[in-house]
Undergrad: 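Just dropping this structure here.
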Amino acid sequence: MDTNKIPDPLVFGLDIGTRSIVGTVGYKPNADNFIVVAQSVRCHETRAMMDGQIHDISKVAETISEVRRELERQLERKLTRVCVAAAGRVLKTVTVRVEENLGDDNFQENIINAETIHALEMIGVEKAYEIIRRETRIENIDFYCVGYTVVHYYLNGNMITNLEGHRGSQIAAEVLATFLPQEVIDGLYAATEKAGLEVDNLTLEPIAAINVAIPEKFRLLNIALVDVGAGTSDICITKDGTVVAYGMIPAAGDAVTDVIVQKHLVDFATAEEIKIGASTKKKQIFYKDIMGITEKTTPSQVIAETKEKVNEITKMIAEKILELNGGKSVSAVFIVGGGGKLPTFARSLADRLKLPVERVALRGEEVLGAITFLTDIKKDPMLVTPIGICLNYYEKNNNFIFVQVNSERVKLYDNSRLTIIDAALAIGFPNDGLFPKRGRALEFFLNGKKRMVRGEEGEAASILLNGRQAGINTPIEANDVIEISASTSGRAAVLSVGDLAEYKKTMEFTVNGKPIICPKFVRANGELVSEYYDIKNGDQLEVQDYYTLRQLLDFMDVMYREGVFVNHVPAGEDVRVYDKFSVDYDFSDNAPDSFSAKLQEIQQLQENQQNQQNQQNQNQEQEKEKVSIEEEKAQEDGRAVGSTAGEPQPVADIRITVNSTPVVLRGKREFHVVDILDFYDFDVKTAHGSRVVIKVNGSVSNFTTGVSRGDFVELYWEE
């Protein structure tokens, strides 16, 4: 291989496993291909790692150094930066749903932008972190969020792929956040730094594996990926185009190797060779036991000896898949990693999940089709995760950085899009301290209906980034200095009676022919209040759009006594007087006589109206009789009754009396009570009492009753 033709930059990926460390170096010439230019594998000479976690940093660092030196020898160049992956041994995942109400007040202005979406996601991460902190409080372990995935977005309760650019009153997100303990991260960094390497990118082993084994186009399907390593089996579940769950069981290839150790009385390394031999087509496997005696066995015998342990492991994996997938099996399972290479492993897992054998497959050469090897390396399931670590570099440039927030040094997992809000959440800065808070709302009842007035919006948090003003979504870099002053609450809602839309400050009455202006009454919790009354939470308000006759007279400093007329009708002191009503009284010495005379006048008027109604009824009977005669004659003549056929009735004006006021009705051939409203000012839209009373010539009527010339009509509201 001509190393001079290898372009820069090269990506160096390390798969630091329980049994071995695999180093891979390559590059992407285009978006669809990855070329592996060098690879090196070294097994741990001791149990420096167990269950995917570093136990002896120095020993692991020595093995990493051996891998690095071998790769540098192949490439004839130095390697200083490396991409690594953390095992799922201590991975914790939390799925949360978060919602944000944008409000209905300015619906057309509620255009959802990237800042709003990011803020929603960060609220989800914060919520997930709080759950992790509560669950691990007793363990006293610090966890870091090493990544999150938005499983689904929602707009006004409906699932949607992308919120940006839409309008709505409510947005929501289902967020899957992943966390690792501090010591796991610190151990990986310490081992690589001790080997003379700087971490360029950190990912999770399940994420690295899935990037190779399950392409994006397959993630619409409900598929499980199982990465069977030495100490752990990592699990990913995909559905609807995204990863919906991560999981792990603390059992994998080493558990099978331990069975071989006991059965054949060999050391661990020899047992590993026997296990690998059982995965091949060898007829016999030769080995030396701890006594130095050469022994032999067959693949079928090894498979039979390990069958019980394999079944135990696959049972645990199947149970975890069902748990992560909501209690039901997936459609298919892809297996990667060396621990799953035993011939019985895939069949046993298929049986546990009740899937056809062909739906559970070991993935190796077929998923590495887009990978080109410049060295003589056989495509194998063990290479899926190492290559995935390298590929992840191109998707995210992740490592840890340090920043200073309010004089506190903070370590952040860099996902290449860190912002000030990430740093704020890392020090436990409350989310509501970043965003402006509305003042307390005012809630009350007006005429029996609930009302709410929002408080004023406060000021957003004051943020300085390296001494300059910044926003919560301003990007940050290593060693940035951030100062955050908490946001403030706005002023509580304040509203006085005079500010109510239903409150008109005055009402006007006509008293003895003169206009009288009176303030409108409002009751708060049964007590009369003025327009300057400040409404309180829970107040029961009633806007009173009338005066009782006594209230009106009291306002005028006039004592009520008999002889008062409202709209020309004698009225008692409790009669309601509405806006524009007329009130007449004469409280002079001869008022009682005047009152009696007025009553006599009304009685006489009513008597005359009754006589007139009787006469009208008599005339109508005569008219009916006349019409009947004409109809009989018409039947004989074969012509229409009345005027000449086709001749319209003439339009006539009539004069009537409404509430003692002369009114002329115009423009129709016949009139009804409802037509009076076009010529006489009487408010029927706003209730001024319990019902409208209508009388025509003293008889109780309704709006459809016909009216004729000379009729006397009474219209008024009855309490």
Side-chain angles (χ1 to χ4, degrees), residues 96 98-103 106 109-130 133 142-150 153 162-166 171-173 175 177 179 182 185 199-202 395-439 455-491:
V96 297
V98 287
E99 298 179 354
E100 185 73 15
N101 290 317
L102 304 179
N106 298 309
E109 298 178 10
N110 291 338
I111 299 177
I112 302 164
N113 54 30
E115 182 175 338
T116 304
I117 297 169
H118 184 58
L120 178 70
E121 294 171 1
M122 288 301 100
I123 294 172
V125 173
E126 181 186 21
K127 185 176 179 180
Y129 183 58
E130 288 301 319
R133 289 178 62 181
D142 288 332
F143 278 83
Y144 287 100
C145 178
V146 294
Y148 70 90
T149 301
V150 177
Y153 291 111
N162 190 351
L163 288 169
E164 189 168 2
H166 289 276
I171 57 175
V175 179
F179 299 86
Q182 176 181 347
I185 303 300
V199 174
D200 207 18
N201 182 60
L202 171 68
E395 296 184 12
K396 296 178 182 178
N397 186 20
N398 298 339
N399 55 15
F400 280 90
I401 65 171
F402 289 92
V403 297
Q404 185 173 302
V405 185
N406 289 353
S407 302
E408 182 178 340
R409 192 166 182 258
V410 181
K411 183 180 181 182
L412 297 173
Y413 178 70
D414 184 8
N415 58 10
S416 76
R417 52 191 178 94
L418 283 174
T419 63
I420 283 175
I421 192 173
D422 299 304
L425 295 178
I427 66 166
F429 198 91
N431 185 63
D432 59 2
L434 294 171
F435 301 96
K437 300 179 282 290
R438 282 191 177 275
E456 294 181 5
E457 196 167 87
E459 296 290 332
S462 174
I463 300 172
L464 293 178
L465 175 61
N466 301 323
R468 296 184 178 182
Q469 287 290 336
I472 61 173
N473 290 309
T474 301
I476 58 175
E477 299 176 351
N479 302 316
D480 277 347
V481 177
I482 303 164
E483 297 175 46
I484 306 175
S485 299
S487 60
T488 62
S489 296
R491 202 163 63 98

Undergrad: Which atoms form the tightest heavy-atom contact between Ala173 and Tyr153, and what is the distance?
TA: CB-CD2, 4.1 Å
Undergrad: How close do Pro475 and Leu465 get, heavy atom to heavy atom, and via which atoms?
TA: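 Nearest heavy atoms, Pro475 then Leu465: O-CD2, 3.8 Å.
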Undergrad: Quick one: CG on Asn466 to CD on Gln404, what's the gap to the nearest 0.5 Å?
TA: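 CD of Gln404 is found 10.0 Å from CG of Asn466.
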Undergrad: What distance do Thr419 atom OG1 and Ile476 atom CD1 have between them, rounded to the nearest 0.5 Å?
TA: 6.5 Å
Undergrad: For the residue pair Val98 and Gly124, what are the closest heavy atoms and their distance?
TA: CG1-CA, 3.5 Å
Undergrad: When rounded to the nearest 0.5 angstrom, what is the spacing between CG in Asn406 and CD1 in Ile484?
TA: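 That separation rounds to 5.5 Å.
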Undergrad: What are the two closest non-hydrogen atoms of Ile123 and Glu100, and how far apart are they?
TA: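 For Ile123 versus Glu100, the nearest heavy atoms are CD1-OE1, 4.0 Å.
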Undergrad: In a check of side-chain contact (heavy atoms from CB on, under 4.5 Å) between Pro436 and each of Glu459, Glu457, Glu456, which one passes?
TA: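 With Pro436 as partner, side-chain contact (heavy atoms from CB on, under 4.5 Å) holds for just one option, Glu457.
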Undergrad: In Å, rounded to the nearest 0.5 Å, how long is the span from CD1 of Ile463 to CD of Glu483?
TA: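 Between atom CD1 of Ile463 and atom CD of Glu483 there are 11.5 Å.
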Undergrad: Drop me the distance from Asn473's CG to Asp422's CG, to the nearest 0.5 angstrom.
TA: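 Rounded to the nearest 0.5 Å, the CG-CG separation comes out at 8.5 Å.
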Undergrad: If every non-hydrogen atom of Ile111 is compared with every non-hydrogen atom of Gly165, which pair is closest and at what distance?
TA: CG2-O, 4.0 Å
Undergrad: Can you tell me how far the CD atom of Glu99 sits from the CD1 atom of Ile171, to the nearest 0.5 Å?
TA: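 Going from CD on Glu99 over to CD1 on Ile171, the span is 10.0 Å.
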Undergrad: Can you name the nearest heavy-atom pair linking Ala177 to Ala128, along with the distance?
TA: CB-CB, 3.8 Å
Undergrad: Is it the case that atom CD in Glu164 sees more than 12 heavy atoms from other parts of the structure closer than 6.0 Å?
TA: yes
Undergrad: Tell me every residue that passes salt bridge (Lys or Arg N to Asp or Glu O under 4.0 Å) with Glu130, counting only those two or more places apart in sequence or in another chain.
TA: Arg133
Undergrad: For the side chain of Ser487 and the backbone of Gly433, is there at least one donor-acceptor N/O pair under 3.5 Å apart?
TA: yes
Undergrad: State, yes or no, whether a side-chain contact exists between Leu120 and Ile117 at a heavy-atom distance under 4.5 Å.
TA: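 They are not in side-chain contact.
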